[in-house]
Protein chains: 4
Amino acid sequence: MIRQNHPPVPAVKRAGCTNLGDMNDRSPALLVADTGRGNEAAILNAALAAFGAQGFNGASMREVAKGAGTSLSNLYNYFPSKSHLLAEVLRRANAELEARVRRAVADAGDDAASRMREAVRAYVGFVVDQQLAMLVSTAEVRYLQGEDRSRLVADRDRTQAIFADIVEQGVAGGEFRTPHAADAARAVLSMVNAVATWYRPDGRLSRGQLAEQHARYALALLEAPLPRA
Amino acid sequence: MIRQNHPPVPAVKRAGCTNLGDMNDRSPALLVADTGRGNEAAILNAALAAFGAQGFNGASMREVAKGAGTSLSNLYNYFPSKSHLLAEVLRRANAELEARVRRAVADAGDDAASRMREAVRAYVGFVVDQQLAMLVSTAEVRYLQGEDRSRLVADRDRTQAIFADIVEQGVAGGEFRTPHAADAARAVLSMVNAVATWYRPDGRLSRGQLAEQHARYALALLEAPLPRA
Amino acid sequence: MIRQNHPPVPAVKRAGCTNLGDMNDRSPALLVADTGRGNEAAILNAALAAFGAQGFNGASMREVAKGAGTSLSNLYNYFPSKSHLLAEVLRRANAELEARVRRAVADAGDDAASRMREAVRAYVGFVVDQQLAMLVSTAEVRYLQGEDRSRLVADRDRTQAIFADIVEQGVAGGEFRTPHAADAARAVLSMVNAVATWYRPDGRLSRGQLAEQHARYALALLEAPLPRA
Amino acid sequence: MIRQNHPPVPAVKRAGCTNLGDMNDRSPALLVADTGRGNEAAILNAALAAFGAQGFNGASMREVAKGAGTSLSNLYNYFPSKSHLLAEVLRRANAELEARVRRAVADAGDDAASRMREAVRAYVGFVVDQQLAMLVSTAEVRYLQGEDRSRLVADRDRTQAIFADIVEQGVAGGEFRTPHAADAARAVLSMVNAVATWYRPDGRLSRGQLAEQHARYALALLEAPLPRA
DNA sequence: AATGAATGAGTGTTCATTCAT
DNA sequence: AATGAATGAACACTCATTCAT
């Protein structure tokens, strides 16, 4: 069993370019507020913390129970299995992400560039706010199976399609000149997803700067005309 | 424990934008050729396959042994622990990656754009050739600890620094006009790393097209002047 | 692993002077009565039997579980490790021994000779009643570590100090004329401890004779004036 | 597996009355001088050290090999099994002990008291000189089986019979007045054997004082007339 | 909804021993 | 006499899960 006690990465490393995907020592990301059903929220948050710190297979239901302040066996009154618990955590994380992005796009202007900028800003914002949830979402989906898995894949595809649609719109309208329209959305999403692997709240860039910077990376990548910075 | 028997993801999904990071059903990526020391190479390759298929904590030493065609206990004549085995797999993967990138850059022209293009092409090439190794490298570093961990981080930083140096050179020389030079190398690397999470040998794009496409993404992101496609 | 199937030592040997410290084939010394906590007492008694028969390292938790009539994993609901289990067995054994000796001394007369006689009689009585516990106490303490070890050493020192105090009193009062007061208590304790290594319930001497005899050895060793037998 | 790293017992404990039977941190008792047969002596000495430090079941053949500076498999060119190795160590230890005691008795006067004094002195001397061998002899015989076991028991009985014979002679001749002659030799031997469990080379008493003191204990126990100290 | 006790399958790792060289 | 590679059985311990209460 892996006990992850590794010392905090020294500050100089943080500004480096290493993407290590460390998931420990993050502020307990309260992904789930009270659900009005006993210990449910506590369990979900504890599960997120445990899966984040040890990975799905490295974390134990006992740890989750301890983190939630309840007994091991009580977990099974809320979730029928460890996998279902993971599935529910991931479902909630993606739901919130999708909602935020969709809202941002709806509030943006009509042109593809504005919409892409706002989509990226919302996405990066969520990554910063719910870094642990993003890391777990990325790293642990693979341990889902069957229906739980396909449902999550569908959810995720819906979120990613928002970006793909904007790219399509932009290319069709001549705003984006990338010759690789079909794959560019994926490249943008890879970039912003990866923010979760290296972002540190005490880093050089503020939440807003980070969002703005990635919006520019995205538009540049899509070969939109850029203001001379 | 998760036994991953999930049915193959249908073809239509493959062309979609979902980055699921499935690691199963890949051709056994023979990362390591014979090392001249008994079963060592077989063990390393089996470990890569097992860690890829089940994750570090999901894979068992018994599976590795079976994959390598040797006995469980014999594993420990070669590697003192499961972690060391992982460490060695990752070390070799990164060594090969670094070597390829370094060679490509050395053989490129003197200007930053050419060097970046060749670095990205080599990197993407490695991702395609050793997809499983890249996936495992990304996903399982976190289970390393202590010296094994810090050694690998240092190795990796060296590889990533190649890109950072090229960006710096390009910005200094006016070739790259991105205003966010400090973080741009990381964005590029995120993009190319992510290729491992969705690439399929039978996909729409060939190895060469993929490399070329990502080179263009990278240069665009860095705001290098682009040919009108 | 040693499986102790050696044939019973022939009767003639029993009366000999060999101290072999055989620990098998003794009646299951029910050291612990029901503790009111599930299988706890059964586990402790089974552990005593197993450690006695095979030694701490020779005994396996599976054997203990089998002896206790429960499952291997359930052992860990009661004791966090094999060492802790040993520690608890030894702690209880010494607690009972100390209590018996202390009670005997309290009930004895005021003179050192009476007190020593009663202390020895109580000690030998315990050795006979809980022979296996005494053997295990003597032979397996060394496998304890850290706090468990220091706690037991302290417990044991307290018990032995009872004898040392009586010797001191007797020498101070002129009852004992040994010139080596500082070490004599240890010699007496060595003698009575060793009874556990050779005593057989079906031996020549009864429990009472054994106690009486060792009381006389002790007083003689301390150079107390003896009745002409 | 027990790794005995416990810190050295503090000095104040050493003078106390606790018999813990610690076997670590003793000077490597070179029980066996060169036997003229390759690595044999080194193996035997390493085995003694390993069995002393970890117990028979706690020590591994790998440790013995390392201690002897040879390879694991080479051990089996000298001794057919771990048990035989233990048997040989114990055989040599007892042989040396018996020789020393027999010589001392032969060199003593004719009266039982002198003979007993010299026997005890020789025995204690050996315990001090070969403390580790004595500890291992006492603690690990029980792991011997079959012929190895019975041969050693016979050896040991012969050594102990020397004491029993002296007691018999002394009682018959009126020198010893103990009414419990049949068991007294065993009591004396228990006492001197136990010296191995607490003796420290840097303790309060010298080797000679220790021997002298135990001779007096023995004679007192046997109720021989004593000089007024 | 909540708990403590229980369990069978599994984990990484170590063992004494063997064998080919 | 000496070695490195190999093995099957065993080890202490943990797992997700169930059940009686």
Side-chain angles (χ1 to χ4, degrees), chain A residues 1-2 37-40 43 56-65 68-85, chain B residues 1-3 37-40 43 56-65 69-85, chain C residues 1-3 37-40 43 56-65 68-85, chain D residues 1-2 37-40 43 56-65 69-85:
Chain A
M1 188 56 46
I2 291 295
R37 194 181 162 235
N39 282 326
E40 195 181 37
I43 293 171
F56 177 71
N57 276 316
S60 75
M61 292 297 267
R62 272 168 179 86
E63 285 175 75
V64 174
T70 186
S71 74
L72 170 60
S73 34
N74 197 26
L75 259 44
Y76 290 86
N77 288 322
Y78 291 89
F79 303 95
S81 77
K82 195 185 177 189
S83 305
H84 283 84
L85 181 48
Chain B
M1 195 52 45
I2 290 295
R3 295 281 160 257
R37 197 194 160 217
N39 279 328
E40 195 181 37
I43 294 172
F56 177 72
N57 277 315
S60 76
M61 292 296 267
R62 276 166 183 83
E63 287 176 74
V64 173
T70 186
S71 73
L72 170 60
S73 44
N74 197 27
L75 260 44
Y76 291 85
N77 287 326
Y78 293 88
F79 304 96
S81 74
K82 197 185 178 190
S83 308
H84 283 84
L85 180 49
Chain C
M1 193 52 46
I2 290 296
R3 296 280 160 258
R37 197 193 159 218
N39 280 329
E40 196 181 36
I43 294 172
F56 177 72
N57 277 315
S60 77
M61 291 297 265
R62 271 167 184 86
E63 286 176 75
V64 173
T70 186
S71 71
L72 168 62
S73 44
N74 197 29
L75 258 44
Y76 292 86
N77 288 326
Y78 293 88
F79 303 96
S81 75
K82 197 185 178 188
S83 309
H84 283 84
L85 181 49
Chain D
M1 189 54 46
I2 291 294
R37 197 184 160 229
N39 281 325
E40 195 180 36
I43 293 172
F56 177 72
N57 276 314
S60 76
M61 292 296 267
R62 272 168 180 85
E63 287 175 75
V64 174
T70 185
S71 75
L72 170 60
S73 34
N74 198 26
L75 259 43
Y76 290 85
N77 288 322
Y78 291 88
F79 303 96
S81 76
K82 196 184 178 190
S83 305
H84 283 84
L85 181 48

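Below, read A as the first sequence line, B as the second, and so on, with proteins coming before strands; counting in each chain starts at 1. All figures in this text were calculated on a predicted structure; none of them were measured in a lab.
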Quick note, C:Arg62 side chain, CB onward, closest among F:dT18, F:dA2, F:dC13 is F:dC13
Taking atom [atom2] of [N] as reference, at what distance in whole Å does atom [atom1] of [X] sit?
X	N	atom1	atom2	answer
A:Tyr76	E:dA5	OH	P	18 Å
A:Asn74	F:dT21	CG	C1'	14 Å
A:His84	F:dT17	NE2	C1'	14 Å
D:Asn57	F:dA12	CG	C1'	15 Å
B:Glu63	E:dG10	CD	P	11 Å
D:Met61	F:dA2	CE	C1'	15 Å
C:Leu75	F:dT14	CG	P	12 Å
A:Phe79	E:dA2	CZ	P	12 Å

Using heavy atoms to find the nearest nucleotide of DNA chain E for C:Leu72 and B:Ser73 separately, return the residue whose nucleotide is more 5′. C:Leu72
5' priority, DNA chain E, between B:Ser81 and A:Gly69 [closest heavy atom]: A:Gly69
Assuming nearest nucleotide by heavy-atom distance, tell me which of C:Lys82 and B:Thr70 is located more 5' along DNA chain F. B:Thr70
Can you name the one residue among C:Asn39, C:Thr70, C:Leu85 that meets side chain to side chain contact (heavy atoms under 4.5 Å, CB included) with C:Tyr78? C:Asn39
Establish whether the base of F:dA5 is bridged to the side chain of B:Asn77 by a donor-acceptor pair shorter than 3.5 Å. no
Is there a donor N/O on one and an acceptor N/O on the other, under 3.5 Å, for the side chain of C:Ser71 and the base of E:dG8? no
According to a 3.5 Å limit on both distances, what stems of 3 or more consecutive Watson-Crick or G-U pairs are formed with DNA chain E? E:2-21 with F:2-21
Kindly say whether B:Ser60 contributes a backbone atom to a donor-acceptor pair with the side chain of B:Lys82 at under 3.5 angstrom? no
OP1 or OP2 of F:dA2 versus the side-chain N and O atoms of D:Tyr78: is any pair under 4.0 Å? yes
Ignoring backbone atoms, test whether A:Asn39 places a side-chain nitrogen or oxygen under 4.0 Å from the OP1 or OP2 oxygen of E:dA2. yes
Nearest heavy atoms of [X] and [Y], plus distance in Å:
X	Y	answer
A:Ile43	A:Val64	O-CG1, 4.0 Å
A:Met61	A:Leu72	CB-CD1, 3.6 Å
D:Pro80	D:His84	CG-CG, 3.7 Å

From C:Ser71 atom OG to C:Arg62 atom CZ, the distance as rounded to the nearest 0.5 Å: 11.0 Å
